[in-house]
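This report refers to the structure that appears directly beneath it.
Sequential numbering from 1 along the given sequence is applied to the chain's residues. The analysis underlying the following values was restricted to heavy atoms, covering all of them including side chains, and did not include hydrogens, waters or symmetry mates.
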Amino acid sequence: MSGPHILIVNVFFAPNAYGGATIVAEEVAHALRRKGCLITAISLISRAELAPYAVIKSEVNGLTSYLVNVPEGRSYAARYNNADLAESIGGLIDRLVPDLVHVHCVQDVGAGVIEVAKARGLPVVLSVHDFWWLCERQFMITPDQRYCGQAPVCLSRCRGCVEDFSAARTRDTYLKRQAALADIVTYPSQFARDLCEASGLAPGRGTVWRNGVCLPDSTYFVAQTARRATDARLAFGYLGGPAQIKGWPDIHAAFAGLERDDFTMHLVDGALDGGWWTGIDLTGLPGEWQIHPRFSQAEMDTFYAQIDVLLFPSQWKETFGLAIREALARGIRVIQTDSGGTVEHSGVVAADLIPIGAGPAPLRAQIAAQMDRGIGPTAPVHVATYDDQAAELLTLIRPLLGDVSCRPEATPAARPDSWGSAA
């Protein structure tokens with residue numbers, strides 16, 4: 001190791017990984033490690049058999065991870081400001097002595113980790129995913145499962161949505177004060193940065209740091225071609241689960257009204273217990289419908305080789321849209337809504353974006369158009385990799401590290417893909 005020691009704090013991390021932001025945290029961590037950095041992670045678990053705030057040390061694929069056990073039934077305030085958890089993380093920082101703390105996705109961890117790190121004189125990078133820093137419901141979704149649409153977010157307009165407005169105001173004040181302590185605030189899209197800064201979250205301090213993806217391996221396109229040679233039907237894919245905010249009702253209604261059945265549909269079950277589609281009635285829908293099991297990053301090529309078109313009819317303004325980039329990088333066509341950061345890629349056709357709340361009719365029209373087009377090949381779209389993303393982070397943090405970046409052993413010529421070569 002010749003680069004800096006970076007401590008990543010994320011709500012989940014291997015061996016308990018779940019969600020797109022955790023995938024990004026883990027993959028960037030591995031990329032940083034390949035560039036010569038020492039990486040340690042802190043995440044949460046919640047197990048009744050362990051004492052509150054007990055710490056378990058783990059190691060997965062060469063990355064050391066500390067899991068702090070948080071009790072069930074935590075209060076509303078403890079989910080964003082947990083003094084016991086902050087103290088526990090502070091103790092780990094004292095033991096681990098990192099050069100920088102990367103506060104990545106910390107709903108339930110709380111924002112106290114920023115203050116704890118700054119009290120020890122450490123630089124802090126805060127990465128914002130989703131809208132937890134603005135919205136106690138995280139996704140700006142109202143109780144009736146609609147995108148609230150505030151731009152910018154004005155807390156006074158949240159009175160009809162939150163249960164306790166006074167508590168929400170205290171939360172908002174605390175989180176914005178903590179975010180202002182970070183040296184750099186990163187966002188995965190221009191949309192996310194603009195909305196957060198306009199809403200008062202560390203205005204003027206943010207930068208766009210887009211997520212990377214795992215590119216297809218050398219066998220992917222062979223498998224895609226082989227599948228198309230054996231089945232000429234167009235294959236659709238969907239990863240969002242049977243959720244209103246991911247657009248499942250529109251998908252169901254769009255296909256129910258389709259007067260063709262010469263296609264297949266692959267629904268991914270992303271639930272940890274494999275129960276997303278249990279009890280969901282798919283009978284009577286045209287075409288052939290299949291449930292694809294949850295898959296890891298290493299297994300994603302197997303899924304994408306089975307489909308030609310990804311459906312992404314999200315009904316809220318997302319901050320990135322990882323699956324869209326994974327699909328585009330593999331020559332998969334995408335039907336999507338105009339959903340925030342998900343449209344900030346070179347493969348987007350503005351006229352094809354479906355407005356949020358438009359209902360199933362425009363989705364059905366695009367599904368039919370894709371079926372008319374058939375399974376012909378589509379050129380992959382260039383998408384940055386996790387190595388690209390890690391290199392960009394190293395460039396961002398170099399000014400924060402002072403003497404760390406000048407360690408004599410950090411010799412660029414000795415390792416082309418090293419910390420020293422990133423700037």
Side-chain angles (χ1 to χ4, degrees), residues 19-21 23-25 27-28 104-105 125-135 138-141 147-153 184-199 201-215 239-240 245-247 304 309-358 362-363 366 378-393 395-396:
I23 290 173
V24 172
E27 293 299 326
V28 171
H104 193 263
C105 189
V125 174
L126 167 63
S127 291
V128 174
H129 294 266
D130 303 327
F131 294 108
W132 179 81
W133 290 84
L134 300 179
C135 169
Q138 189 169 340
F139 304 110
M140 296 177 63
I141 301 297
Y147 180 62
C148 83
Q150 290 195 64
V153 175
I184 297 174
V185 182
T186 78
Y187 300 91
S189 64
Q190 187 70 44
F191 171 82
R193 188 181 77 168
D194 291 349
L195 179 58
C196 288
E197 292 205 348
S199 303
L201 188 72
R205 307 187 67 182
T207 186
V208 176
W209 179 47
R210 299 188 194 281
N211 297 328
V213 302
C214 285
L215 297 182
L239 292 90
I245 63 171
K246 290 295 186 181
Y304 283 113
V309 181
L310 177 72
L311 301 180
F312 201 94
S314 180
Q315 297 299 300
W316 66 290
K317 297 283 188 178
E318 309 215 13
T319 51
F320 188 66
L322 194 62
I324 287 177
R325 269 76 167 191
E326 292 169 349
L328 292 171
R330 288 164 172 77
I332 302 298
R333 307 195 295 264
V334 175
I335 298 176
Q336 65 172 323
T337 46
D338 187 3
S339 45
T342 63
V343 308
E344 295 178 18
H345 56 79
S346 59
V348 71
V349 177
D352 290 342
L353 296 175
I354 300 172
I356 288 176
L363 176 60
Q366 290 203 30
T378 302
V381 171
H382 172 73
V383 181
T385 67
Y386 288 115
D387 283 323
D388 297 330
Q389 189 183 2
E392 188 177 352
L393 179 67
T395 300
L396 284 172

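The nearest pair of heavy atoms linking Asp388 to Ala384 is OD2-CA, 3.5 Å. In plain terms, the two heavy atoms of Leu322 and Gly20 that are nearest each other are CD2-O, 4.2 Å. Taking every heavy atom of both residues into account, Ala323 and Leu239 meet most closely at CB-CD1, 4.4 Å. Looking at every heavy atom in both residues, Pro313 comes nearest to Leu311 through CD-C, 3.4 Å. In terms of heavy atoms, Val185 sits closest to Ala202 at CG2-CB, 4.0 Å. The two residues Ala192 and Thr319 come nearest to each other via the heavy atoms CB-CG2, 3.8 Å.
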Pair Ile184-Trp209, side-chain contact (heavy atoms from CB on, under 4.5 Å): steps then yes or no: CA-CA 11 Å; Ile184 297 174; Trp209 179 47; over 6 Å; no
Derivation and outcome, side-chain contact (heavy atoms from CB on, under 4.5 Å), residues Trp316 and Lys246: CA-CA 8 Å; Trp316 66 290; Lys246 290 295 186 181; 4.1 Å; yes
side-chain contact (heavy atoms from CB on, under 4.5 Å) between Trp133 and Cys196, worked out: CA-CA 8 Å; Trp133 290 84; Cys196 288; 5.9 Å; no
Audit row: Ile23, Tyr386, side-chain contact (heavy atoms from CB on, under 4.5 Å) steps and yes/no: CA-CA 10 Å; Ile23 290 173; Tyr386 288 115; 3.7 Å; yes
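Note that CG of Leu134 is 7.0 Å distant from CE of Met140, once rounded to the nearest 0.5 Å. Between Glu318 atom CD and Phe131 atom CZ the span is 9.0 Å, to the nearest 0.5 Å. With values rounded to the nearest 0.5 angstrom, Arg330 atom CZ is found 7.0 Å from Leu215 atom CG. Atom CD1 of Ile332 and atom OH of Tyr304 lie 8.0 Å apart (nearest 0.5 Å). With values rounded to the nearest 0.5 angstrom, Asp130 atom CG is found 10.5 Å from Ile141 atom CD1. To the nearest 0.5 Å, atom CD of residue Glu27 and atom CG of residue Asp387 are 9.5 Å apart.
Using a 4.5 Å heavy-atom threshold, the side chains of Phe320 and Arg325 count as touching. In this structure, Lys317 and Asp338 have side chains that are in contact, with non-hydrogen atoms separated by less than 4.5 Å.
A donor-acceptor pair under 3.5 Å links the side-chain atoms of Ser199 to the main chain of Val153, judged by distance alone. Using modelled atom types, one side-chain atom of Glu197 and one backbone atom of Gly204 make a donor-acceptor pair closer than 3.5 Å.
With Arg210 as the fixed residue, the side-chain hydrogen bond (donor to acceptor under 3.5 Å, both in side chains) test singles out one of Glu392, Gln389, Glu344, His345: Glu344.
Donor-acceptor pairing under 3.5 Å is lacking for the side chains of Ser314 and Thr337.
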